[in-house]
Amino acid sequence: MSDAMSHDQASYLELLARGAAPEAYDRPALLARAEGAGPEALAALEHAKRLALRVRAELAERRRREAELSALFETAHDLAGLRDLDAVLRAIVQRARSLLGTEVAYLCLNDPAAGDTYMRVTEGSVSARFQQLRLGMGEGLGGLVAQTARPYVTDSYFDDPRFEHTTTIDSGVRDEGLVAILGVPLMLGSQVIGVLFAADRHARVFEREQIALLGSFAAHAAVAIDTANLLGETRTALAELEKANGIIKEHSAVIERASDVHDRLTELVLRGGGVHDVASALSEVLDGTVEFAHPDSPSVTALELTGTAGRAKRHGEVWGAAVSAGGELLGALVLRGHPGLDPVDQRTLERAAMVTSLLLLARRSAGEAEQRVRGELLDDLLDAPDRDPRLLRERGARLRADLAAPHVVLAARIDGPAPGTAGASGATERETADRRRLWSAASHLAATGQGLAATRDGGTVLLLPLAPGDTAAELARRTAGQLGGALREPVTIGASSVIEAPAARPGAIAEAYAEARRCLDALRLLGRSGDGAAAQDLGFLGLLLADTRDIEGFVHRTIGEVVAYDLRRGTDLIRTLGAYFASGMSPVRTKDELHVHVNTVAQRLERVGRLLGPDWQSPARALEIQLALRLHAMSVGGVRVKGGCTRRPAPTPPHTPPGFMVF
């Protein structure tokens, strides 16, 4: 009987091996029951059946996950070799439909020029009207997804009141026969550029894993679209560069020196040379000294090159050719030591200026692209705390930002002009220009300091690494000085507490930014525009602004010297201070409270002044000292506070004269 039972149990392994349907797992128990197997054997078979079905389910789940990962890998491979955007998007939609097991899948993209959304790719659709739908912004389920930037699912489209039904959309959906629809947003940074859908012609409940999978395909589709756009921009830039090279080649066939310049400049471009390399090569060809000058330099101002369209112009013994693009003067190539330029040399200088402008535009485009990517990563850290920490670290590493190291969030702002100094339109334009200038300077600082920067709330937010031995307050002051020097006007910066590992705790970034904003607002209210500070710099105000409520640190910074002196010398300066403030800052009433001579009180207060500084009795310092005394008394008197627990109740202070605050 035991052998028979083992044989029946082994049959479950055969069922697993050949991938039998779930109902086939009932057969061994039925056969055993028919053969008269006892209750114990039947129970063992039932247990074996449950285990086998569990293994079968786990195997099926693993096969499903392998299929999903394989599809995502294939999609990533398609992106790596992107040649045809439509082919990549079709592959994404096909795989989404196959893996989710839906009857239809389709992808819509926003058309900013027309102000609507259109079908880009469909798979499984049979209705011509549905395939040609153009939807108004905010209409249908797709409009709800685009508005909220979140996935939405309905198991019965026509019965769902959550989104706006229109005749056009409903007719198309009814033509296609769709009932259950799942839509996820296509995101580029924080912008929704379209929606990816999966749908069935019957009621269906989409599982959470299926929603996440479709979201992954949507992310790939967004990357494909962004990559295609960047490739298009690159092709345009390359076409412009090739056009410039063509012009040089056309003239270099006639003029030997121009040909030499063309060859040398082309070589510089191909090996990644910069504007100073161009100036150096031109100096040799023109037998003079050529330098690149910035737009605000005296030599460029004297040449008055604005509007010369790159033509060489002479001023005294100096020649110059404007380096410009789209009407913007980027600088000039200035030639000294060769006043007698012939037309060929002039054309050579002008061509070099054209190549220099292309190099500067390429550098600017690359810098703006990196700044945009850095801003998108910081936006994700601020707005999407549920992002995968591993992916955040990888994105940071590609930007040379170590998100596993301690960082500080900084909120920066340029204070606008005083009210009434300009009209509403002028003030708005000034504020916009200030925000743009601040973001540009902050982005450069973040890039050179291995940090991140983004525009937010009318100012700029930075996430900068904290060097060993540095503090958040020092970093804020240093950054305020650097940005203020670069912009030549005061920049106010509030700093957060230190975040040990931003990638490990993305949610802490938003909290730190809120703390930095509060610190920034406090600095401006205190009249400290152009300064940088963290919460610990603001005394008791910092306790209100900071999320960490560092009570022990506040007490140490405020009266720590006095406490330490008492511990070293066995004196009672802390008690004397408490009695002094409780007595309305009267030495006479203080000596009555302490039962000592008034000279003793005076000597103790003199010692306190040497420990705390000569301004310790000023209203602001006195307020902070009284608060620190009260918190210190609570920390040793049995009252529980955040940051400490006491052993005995604090003494009740004596009568306080009007006009004084006692803590």
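The basis for the numbers below is simple: all heavy atoms, side chains too, and nothing from hydrogens, waters or symmetry mates.
- Ring pair Tyr157/His165 is perpendicular by interplanar angle, where above 60° counts as perpendicular and below 30° as parallel.
- Atom CZ of Arg150 is surrounded by 12 or fewer heavy atoms from other residues, nucleotides or ligands within 6.0 Å.
- Residue Phe197 is tested with Phe206, Phe130, Tyr106, Phe217 for a ring-ring contact (aromatic ring centres under 6.0 Å, His included); the sole match is Tyr106.
- A distance of 6.5 Å separates CG in Leu230 from OG1 in Thr234, rounded to the nearest 0.5 Å.
- Ion pairing between Glu176 and Arg201 holds under the 4.0 Å rule for side-chain N and carboxylate O.
- Counting heavy atoms from C-beta on, the side chains of Thr236 and Glu240 come closer than 4.5 Å.
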Walk me through it: do Thr102 and Asp200 pass the test side-chain contact (heavy atoms from CB on, under 4.5 Å)?
CA-CA 5 Å; Thr102 57; Asp200 268 331; 3.7 Å; yes

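- Counting all heavy atoms, side chain and backbone alike, Val491 lies closest to Ala412 at CG1-CB, 4.2 Å.
- Within the model, atoms CD1 of Ile493 and CG of Leu483 stand 5.0 Å from one another, a figure rounded to the nearest 0.5 Å.
- Glu123 pairs by the side-chain hydrogen bond (donor to acceptor under 3.5 Å, both in side chains) definition with Arg97, not counting sequence neighbours.
- Among Val195, Leu182, Ile211, Leu144, the one residue that satisfies the side-chain contact (heavy atoms from CB on, under 4.5 Å) test with Tyr152 is Leu144.
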Let me see the working for Leu133 and Met119 under side-chain contact (heavy atoms from CB on, under 4.5 Å), right down to the final yes or no.
CA-CA 6 Å; Leu133 272 180; Met119 288 285 186; 4.3 Å; yes

Under the side-chain contact (heavy atoms from CB on, under 4.5 Å) criterion, do Arg134 and Asp111 qualify, and how do the steps go?
CA-CA 10 Å; Arg134 294 190 74 94; Asp111 186 350; 3.0 Å; yes

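- Minimum heavy-atom separation, Ala516 to Ser496: CB-N, 3.9 Å.
- Side chains of Ile169 and Leu141 form no contact here, defined as non-hydrogen atoms less than 4.5 Å apart.
- Taking all atoms of both residues into account, the shortest heavy-atom contact from Cys108 to Thr117 is CB-CG2, 3.5 Å.
- With hydrogens and angles disregarded, a donor-acceptor distance shorter than 3.5 Å links the side chain of Gln131 to the backbone of Ser125.
- The shortest side-chain heavy-atom distance between Phe158 and Val173 falls under the 4.5 Å cut-off.
- Here the CG atom belonging to Leu403 is positioned 9.5 Å from the CZ atom belonging to Arg395, to the nearest 0.5 angstrom.
- Side chains of Leu186 and Leu109 form a contact here, defined as non-hydrogen atoms less than 4.5 Å apart.
- Between Met137 and Asn110 the shortest side-chain heavy-atom distance falls below 4.5 Å.
- Smallest separation of non-hydrogen atoms from Gln210 and Glu207: OE1-N, 2.8 Å.
- Nearest approach of Val192 to Pro185, heavy atoms of both residues: CG1-CB, 4.3 Å.
- Between the CE atom of Met187 and the CD1 atom of Ile193 there is a distance of 9.5 Å, given to the nearest 0.5 Å.
- Residues Val461 and Arg517 fail the side-chain proximity criterion, which asks for heavy atoms closer than 4.5 Å.
- In this structure, CG on Leu100 lies 5.5 Å from CG on Leu213, to the nearest 0.5 angstrom.
- Checking side-chain atoms of Ser98 against main-chain N and O of Gln94 turns up no donor-acceptor pair under 3.5 Å.
- Checked against side-chain hydrogen bond (donor to acceptor under 3.5 Å, both in side chains), Asp160 has the following partners two or more places apart in sequence or in another chain: Thr154, Arg162.
- Between Gly183 and Val145, the shortest heavy-atom contact is O-CG2, 3.7 Å.
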Evaluate the side-chain contact (heavy atoms from CB on, under 4.5 Å) criterion for residues Glu103 and Arg204: first the C-alpha distance (whole Å), next the side-chain angles of each, then the deciding distance (0.1 Å), finally the verdict.
CA-CA 11 Å; Glu103 295 167 307; Arg204 168 182 177 169; over 6 Å; no

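- Side chain of Ser440 to main chain of Arg436: no donor-acceptor pair is present (N/O by atom type, distance under 3.5 Å, no hydrogens or angles).
- For Arg90, the side-chain hydrogen bond (donor to acceptor under 3.5 Å, both in side chains) criterion is met by no residue, not counting sequence neighbours.
- Separation of atoms CG (Leu135) and CD (Glu164) is listed at 11.0 Å; rounding is to 0.5 Å.
- With Gln191 contributing its side chain and Leu188 its backbone, the two residues share no donor-acceptor pair below 3.5 Å.
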